[in-house]
Student: 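Pasting in a structure now, in structure tokens, and then I'll have a few things to ask.
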Amino acid sequence: MKNSIAILAALLLAFANFAEAQTTPKTLEADIVIYGGTSAAVIAAVQAKKLDKSVVIISPDKHLGGLSSGGLGWTDSGNKSVIGGLSREFYERIFNYYDKPETWKWQDRSDYSFRGRVMPPSDSKDRSMWIFEPHIAEQVFEDLVAEYEIPVYRDEWLDRENGVKKEDGHITSITTLSDKTIQGKVFIDATYEGDLMAAAGASYHVGREANRVYDESWNGIQVGVLHHQHHFGELQVSPYKTPGDPNSGVLPKVSTADPGKKGEGDKRVQAYCFRMCLTDHPENRVPFPKPEGYDPAQYELLLRIFEAGLDPMYVFKKFDLIPNRKTDTNNHGPFSFDNIGMNWDYPEASYERRSEIIKEHETYQQGLLYFICTDPRVPKELQDRMNAWGLAKDEFIDNGNWPHQIYVREARRMIGEYVTTENDVQGKRQPPSPIGMGSYTMDSHNVQRYIKPNGYVQNEGDIGVPPRQPYQIAYGSLVPKKEECTNLMVPVCLSSSHIAFGSIRMEPVFMVLGQSAATAASLAIDHQVSVQDIPYAKLRHQLLADGQVLERPSKPK
């Protein structure tokens, strides 16, 4: 009897799946087609609907929001006065959730305070919340697509080899690996990787340009530059398996390649990690798992750092507290959660290879936590404190409480009509036709870990140079060269140098640029012109009407 019921249930499920497949059209059509599931993708779609355009989101991700819902809840906001429009609305919606008592399940609202950030009072004039839990952010994005009735097709992956059809430099359709074809008038690539942009034939760059390319000072290889605290400094740490003996072999996570010369370009990419959501609340804490493939030898450098004299408690320096006794845990120090040098091929890798890279990063990061919690060589004070933490049981519940989005800090960057560089960020030149603003520090994480001539290990690539003031971002950085494609917008992998992208690449700015891209796409459709030829005066008027900030306010909000 039980077998019969099981067989019947399986048949019913198969029939339901078949019926769903038959009702899902293989060809879709919309005025604006957005590829990606990031925060920029959702905001662009909302703006398209507000401007009475049909829109569809084709998302390779199952979850909406990218890093904003993937663990980055300690928002890198810079000067908040230049964040307007729908981006600002997102953070106001976050506030509205935390203004409800039921949202504070694991902590009293009045108890939250960390590094000067607090939950604003209900009667606050600025009802924006810049710190939040991943599931709250994801709910906001889901609210938006539901309210605006935006169709979202998830787990749909662009056919990067044959899936972009063009006529006379104009994309007519894209096709996914599930053989779904989407036709549109304007396409927006809102992915972190820039796959649609690359497949459409737009020029792009991977890695760091030499300083001489755009007359910059902080681009290129940074040997000898030691910003922040994410380096070995003067610590004498041997990279060899037998300390001081090159013949014994090199420890994991150390490159034997020539690091290159300061200011020269390379194809290396700054490190990735997962922004973990951890908790020390006993009822909501899941012990750190021992990952498959765990290898304690991967963390030998950490022990040597302690032996060299660095305070072991540095490990907790980026356990940034967010509401409900949780963290947004980021990389900090010479050896931490950034998996330095293990992502260089990610930007242009196949989907299969990217999955391998992501899995290796997950194993490394989970293994580091497990190592600290269990290895008897770890200092007891550090081990005891780490064992009070764990994964948050109520976050990422369909992924083993692990973030569903790796932090792709940088991948491809388009070379478009206008390249934003350090000179724009530092106010040395005036960007034409501004469509948004940035303000965050020009920030790059480490790119490589190498062996110095004296035989000790060092990290390279970490940069932190603040702009003099908020700066404008040119419209030309959102569009490819006209001869390459006439109906494509790129608000995430936009046209900028490596070091300028280090400032732009913040989630609030991506949302600002997503709104501006959708506005421009709408104008291109209305005027039946290429995205390069839209009337900027009309674009500016619409952006200002919709709350975008295009000039530095006279007084900070």
Side-chain angles (χ1 to χ4, degrees), residues 30-36 40-41 44 47-48 51 53 55 158 160 163-174 182-191 193-206 209 213-214 411-421 423-424 429-436 472-497 500-501 504 510 512-543 550:
D31 292 329
I32 299 174
V33 177
I34 299 171
Y35 182 62
Q47 181 68 359
L51 295 175
K53 297 295 181 288
V55 65
L158 176 69
R160 291 159 58 185
V164 178
K165 302 301 181 187
K166 293 173 66 178
E167 293 180 5
D168 300 323
H170 187 91
I171 302 173
T172 57
S173 68
I174 63 173
I182 308 94
Q183 301 170 348
K185 297 175 182 177
V186 178
F187 293 77
I188 297 177
D189 184 340
T191 64
E193 295 84 5
D195 285 340
L196 174 55
M197 177 265 293
S203 298
Y204 62 88
H205 188 82
V206 175
E209 301 93 345
V213 174
Y214 296 120
R412 298 182 180 97
R413 299 185 314 281
M414 183 171 64
I415 305 174
E417 289 276 290
Y418 185 88
V419 180
T420 298
T421 74
N423 298 304
D424 298 275
R429 68 174 180 177
Q430 180 64 41
S433 306
I435 43 75
Q472 297 171 318
I473 300 170
Y475 175 69
S477 283
L478 300 190
V479 296
K481 298 172 183 175
K482 190 173 181 180
E483 62 268 24
E484 294 175 346
C485 192
T486 59
N487 65 333
L488 174 67
M489 309 287 305
V490 186
V492 177
C493 293
L494 75 164
S495 179
S496 71
S497 68
F501 190 76
I504 295 170
F510 283 155
V512 166
L513 299 180
Q515 179 176 355
S516 294
T519 307
S522 179
L523 280 172
I525 293 169
D526 290 344
H527 291 268
Q528 298 183 15
V529 297
S530 71
V531 294
Q532 292 84 3
D533 293 332
I534 64 165
Y536 174 70
K538 291 184 178 296
L539 174 61
R540 179 183 176 85
H541 176 79
Q542 186 66 56
L543 293 178
L550 305 184

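These numbers were taken from a predicted model, which means no experiment stands behind them. Heavy-atom basis, side chains included; hydrogens, waters and symmetry copies ignored.
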Student: Under a 3.5 Å distance rule, please check whether N487 uses its side chain to pair with a backbone N or O of I171 as donor and acceptor.
Tutor: yes
Student: Would you tell me whether K165 and S173 have side-chain atoms, one donor and one acceptor, within less than 3.5 Å of each other?
Tutor: no
Student: Measure the shortest side-chain to side-chain distance between V531 and K482 over non-hydrogen atoms and say whether it is less than 4.5 angstrom.
Tutor: no
Student: Is there side-chain contact between V33 and V186, with heavy atoms separated by less than 4.5 Å?
Tutor: no
Student: Flag the pair S522 / K53 as yes when at least one side-chain heavy-atom distance between them is below 4.5 Å, and no otherwise.
Tutor: yes
Student: Drop me the distance from L550's CG to Y475's OH, to the nearest 0.5 angstrom.
Tutor: 13.5 Å
Student: Do the non-hydrogen side-chain atoms of I473 and L494 ever get within less than 4.5 Å of each other?
Tutor: yes
Student: If we only count heavy atoms from C-beta on, is the F187 to I32 side-chain gap below 4.5 Å?
Tutor: no
Student: So does T421 get a backbone contact from the side chain of D424, meaning a donor-acceptor N/O pair under 3.5 Å?
Tutor: yes
Student: Does S203 offer a backbone N or O that forms a donor-acceptor pair with the side chain of E484 under 3.5 Å?
Tutor: yes
Student: Between D195 and Y35, do the side chains contain a donor N or O and an acceptor N or O under 3.5 Å apart?
Tutor: no
Student: Taking all heavy atoms of Y418 and all of P431, pick out the closest pair and write down the distance.
Tutor: OH-CA, 3.8 Å
Student: So, the side chain of N423 versus the backbone of R429: is there a donor-acceptor pair under 3.5 Å, distance only?
Tutor: no
Student: Measure the shortest side-chain to side-chain distance between H527 and K538 over non-hydrogen atoms and say whether it is less than 4.5 angstrom.
Tutor: yes
Student: Hey, is the main chain of A30 close enough, under 3.5 Å, to the side chain of Q183 for a donor-acceptor pair?
Tutor: no
Student: Taking all atoms of both residues into account, what is the closest heavy-atom pair of P432 and A474, and its distance?
Tutor: O-CB, 3.2 Å
Student: Strictly by modelled atom types, are S496 and S477 linked by a side-chain donor-acceptor pair under 3.5 Å?
Tutor: no
Student: So for atom CD, which belongs to E167, do other residues, nucleotides or ligands contribute more than 12 heavy atoms lying within a distance under 6.0 Å?
Tutor: no
Student: Tell me whether R412 contacts the main-chain N or O of Y204 through its side chain, where contact means a donor paired with an acceptor under 3.5 Å.
Tutor: no
Student: Quick one: does D168's side chain have a donor or acceptor within less than 3.5 Å of a partner on H170's backbone?
Tutor: no
Student: Would you mind reporting whether L478 and S495 have side-chain heavy atoms less than 4.5 Å apart?
Tutor: no
Student: Ignoring hydrogens, what is the shortest heavy-atom contact between A199 and V164? Give both atom names and the distance.
Tutor: CB-CG2, 3.6 Å
Student: Is a side-chain N or O of T486 found less than 3.5 angstrom from the main chain of G169, in a donor-acceptor match?
Tutor: yes
Student: Please answer whether the main-chain N or O of Q515 pairs with a side-chain N or O of T519 as donor and acceptor at a distance below 3.5 Å.
Tutor: yes
Student: Decide yes or no for P535 and L539: does some side-chain heavy atom of the first lie under 4.5 Å from some side-chain heavy atom of the second?
Tutor: no
